[in-house]
S.K.: 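Dumping the structure here so I can ask a few things about it.
Sequence lines set the chain letters: A, B, ... in the order given, protein chains first and strands last, and positions in each chain run from 1.
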Amino acid sequence: MPELPEVEVLARHLQPLLPEKKIREVLVGRAKIVLPDSPATFREALLGATFTGLTRRGKYFLFQMRRAKSREIFTLLGHLGMTGRMYVTPKSIPLPKHAAVVLDLGREQFVYEDTRYFGRLTLDLTSVTELGPEPLSADFQPEPFGAALRRSKQAIKIKLLDQSLVAGVGNIYASEALFRAGIAPQKAANRLTPKQVQALWAAIRTVLAEAIECGSTIPLNMAGGGSGGLFYFGLAAGVTDYYEERLRVYDRAGRPCLQCKRPIRRIVQAARSTFFCPHCQRK
DNA sequence: CACCATGTTCCTTG
DNA sequence: CCAAGGAACATGGT
């Protein structure tokens, strides 16, 4: 679930649930998640601390915290990796199989679960400092974006996954943005025309903004209701495939292009799937 | 058993 | 030093 839109939607969901909740106990179920902190350091830093706010940067969550005695503020960084989930539940709800970190909040608990354990929940903030501009903010401008693309000979699809170019685009939305912009994914970044740069810049913003819109309405309203606050993004019953229906090329290999009816093709770039329409996205 | 999966980092090569 | 390619990480679904 984790590209920028999914992170944003989950952040909006968690935002009102956390402020002023105090961490009474910290359980690290899988040490790797907390790296480069040690479980002991991590626990000591969070014990007694209070959540004060939550923001997002790229695919990262930035939890604003306040230390118990010193009142000093600090940031807890979260990343969902490929399979991470975070939610706040009553303590009566049993922990999932792959509970990586659990924060005891009193009557509730904050759960970070991750089946593949690729994610992070840590006090180390170095990875955020290397991120490129936030795509939906005014920091993301077509000219610097184009200038960065001109410096790279990589295939544009691969370049879009570079978080220092622009933060938050992942494998799904890279394919989606290129389809919207009508650009072939194999095209070298430095060969895009100024018009293509402009179109891609706009497509990235459109695709991400629409995905946020989508995620913040249907799944959110349905989730949490019956299950005592349990929140599973995109997994609300009956709307399971709403998410996929929005996507125009991703995971649609062999199916007709929504614009020209010719089959969508899947190729592999940098060991990851790319989906595109060879007709609508020509070199 | 084989292959695939929304991500990042580390190592190697040139 | 940098760009680029590939493996590694770990588990589960098909």
Side-chain angles (χ1 to χ4, degrees), chain A residues 1-11 29-36 56-61 77-86 96-101 112-122 124-132 135 147-179 185-191 204 207-208 210-212 214-215 219 232-235 240-254 266-275:
Chain A
M1 85 154 101
E3 291 185 37
L4 182 151
E6 293 74 37
V7 176
E8 175 65 24
V9 169
L10 181 51
R30 179 68 70 115
K32 189 194 170 207
I33 294 298
V34 128
L35 284 175
R56 177 194 59 72
R57 179 80 171 88
K59 303 173 193 173
Y60 292 87
F61 295 87
L77 182 91
H79 193 292
L80 297 172
M82 296 268 260
T83 53
R85 297 173 178 289
M86 291 189 295
K97 183 175 178 186
H98 301 289
V101 176
Y112 176 91
E113 72 161 305
D114 189 348
T115 51
R116 291 170 75 180
Y117 302 108
F118 285 178
R120 281 288 186 281
L121 199 58
T122 178
D124 177 67
L125 307 180
T126 48
S127 35
V128 241
T129 66
E130 288 154 26
L131 293 176
L149 294 182
R150 259 171 267 132
R151 280 180 245 122
S152 172
K153 304 167 84 161
Q154 266 189 316
I156 184 61
K157 154 63 169 27
I158 299 169
K159 194 62 194 168
L160 286 178
L161 301 179
D162 178 351
Q163 301 298 296
S164 70
L165 174 71
V166 52
V169 177
N171 204 41
I172 293 176
Y173 297 107
S175 283
E176 293 297 316
L178 287 167
F179 175 75
Q186 308 94 325
K187 182 151 188 161
N190 63 0
R191 304 282 296 268
I204 289 167
V207 153
L208 296 177
E210 281 183 10
I212 291 170
C214 209
Y232 288 105
F233 179 86
L235 290 186
T240 321
D241 48 23
Y242 186 77
Y243 178 70
E244 285 91 51
E245 279 173 17
R246 281 182 15 253
L247 304 176
R248 306 202 182 166
V249 286
Y250 186 81
D251 207 20
R252 297 193 71 240
R266 171 186 182 270
I267 59 173
V268 174
Q269 294 179 286
R272 315 202 60 194
S273 294
T274 299
F275 298 88

S.K.: Distance between the C1' atoms of B:dT8 and C:dG13, in whole angstroms?
M.R.: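 Pairwise C1' distance, B:dT8 against C:dG13, rounds to 23 Å.
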S.K.: With nearest nucleotide decided by heavy atoms, which residue, A:Lys32 or A:His98, maps closer to the 5′ end of DNA chain C?
M.R.: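 Upstream on the strand: A:Lys32.
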S.K.: Using a 4.0 Å cut-off to any heavy atom of chain A, which nucleotides of DNA chain C are the first and last in contact, reading 5' to 3'?
M.R.: C:dA4 to C:dG12
S.K.: Please round to the nearest 0.5 Å and tell me the distance separating atom CG of A:Asp124 and atom CG of A:Leu35.
M.R.: 9.5 Å
S.K.: Using a 4.0 Å heavy-atom cut-off, does A:Tyr117 contact any base of the nucleic acid, only the sugar-phosphate backbone, or nothing at all?
M.R.: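 A:Tyr117: backbone/sugar contact only, no base atoms under 4.0 Å.
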S.K.: Between NZ of A:Lys159 and OG of A:Ser164, what distance do you get to the nearest 0.5 Å?
M.R.: 5.5 Å
S.K.: For nucleotides 9-14 of chain B, just jot down a letter per nucleotide in 5' to 3' order: B, S or -, based on protein non-hydrogen atoms under 4.0 Å.
M.R.: S-----
S.K.: State, to 0.1 Å, how close A:Ser127 and A:Leu77 come at their nearest heavy-atom pair, and which atoms those are.
M.R.: OG-CD2, 3.8 Å
S.K.: Got a donor-acceptor contact below 3.5 angstrom from the A:Gln163 side chain to the A:Val169 backbone?
M.R.: yes
S.K.: Which ones in residues 155-162 of chain A lie close to DNA chain B, meaning a heavy atom under 4.0 Å from one of its atoms?
M.R.: none
S.K.: What is the minimum heavy-atom distance between A:Pro185 and A:Ile267, and which atoms define it?
M.R.: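 Distance-wise, the nearest heavy atoms are CG-CD1, 4.3 Å.
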S.K.: Any donor-acceptor pair under 3.5 Å linking the side chain of A:Glu3 with the backbone of A:Lys59?
M.R.: no
S.K.: Any non-hydrogen side-chain atom of A:Tyr117 less than 4.5 Å from a side-chain atom of A:His98?
M.R.: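 In short, these two side chains touch, coming nearer than 4.5 Å.
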S.K.: Once Watson-Crick and G-U wobble pairs under 3.5 Å are found, how is DNA chain C written in dot-bracket notation, 5' to 3', with | for any base paired to another strand?
M.R.: .||||||||.||||
S.K.: Using a cut-off of less than 4.0 Å, is there contact between a side-chain N or O of A:Lys59 and OP1 or OP2 of B:dT6?
M.R.: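 Looking at the OP1 and OP2 atoms of B:dT6, neither is under 4.0 Å from any side-chain N or O of A:Lys59.
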S.K.: Collect all protein-nucleotide pairs involving nucleotides 1-5 of chain B in which both atoms are nitrogen or oxygen and the distance is under 3.5 Å.
M.R.:
residue : atom : partner  : partner atom : Å
B:dA5   : OP1  : A:Ser273 : OG           : 2.2
B:dA5   : N3   : A:Arg116 : NH1          : 3.2

S.K.: So does A:Tyr250 get a backbone contact from the side chain of A:Ser175, meaning a donor-acceptor N/O pair under 3.5 Å?
M.R.: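 Judged by distance alone, no pair lies under 3.5 Å.
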S.K.: Taking side chain as C-beta onward, heavy atoms only, is A:Ile204 less than 4.5 Å from A:Leu160?
M.R.: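 Yes - at least one pair of side-chain heavy atoms lies under 4.5 Å apart.
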S.K.: When rounded to the nearest 0.5 angstrom, what is the spacing between CZ in A:Arg30 and CG in A:Asp114?
M.R.: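 A:Arg30 CZ to A:Asp114 CG: 9.5 Å, rounded to 0.5 Å.
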S.K.: Nearest heavy-atom pair of A:Gly132 and A:Ala167: which atoms, and what distance?
M.R.: O-CB, 3.7 Å
S.K.: Which residues pass the side chain to side chain donor-acceptor pair (under 3.5 Å) test with A:Gln186, sequence neighbours left out?
M.R.: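 Side chain to side chain donor-acceptor pair (under 3.5 Å) list for A:Gln186, sorted by chain: empty.
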S.K.: Counting the atoms with a prime plus P, OP1 and OP2 as sugar-phosphate, which does A:Arg151 contact under 4.0 Å by heavy atoms, base, sugar-phosphate, or nothing?
M.R.: nothing
S.K.: To check you understand the geometry: which heavy-atom pair defines the closest contact between A:Leu165 and A:Leu149, and what is its length?
M.R.: CD2-CD2, 3.8 Å
S.K.: Return no unless some side-chain N or O of A:His79 is found under 4.0 Å from OP1 or OP2 of B:dG7.
M.R.: no
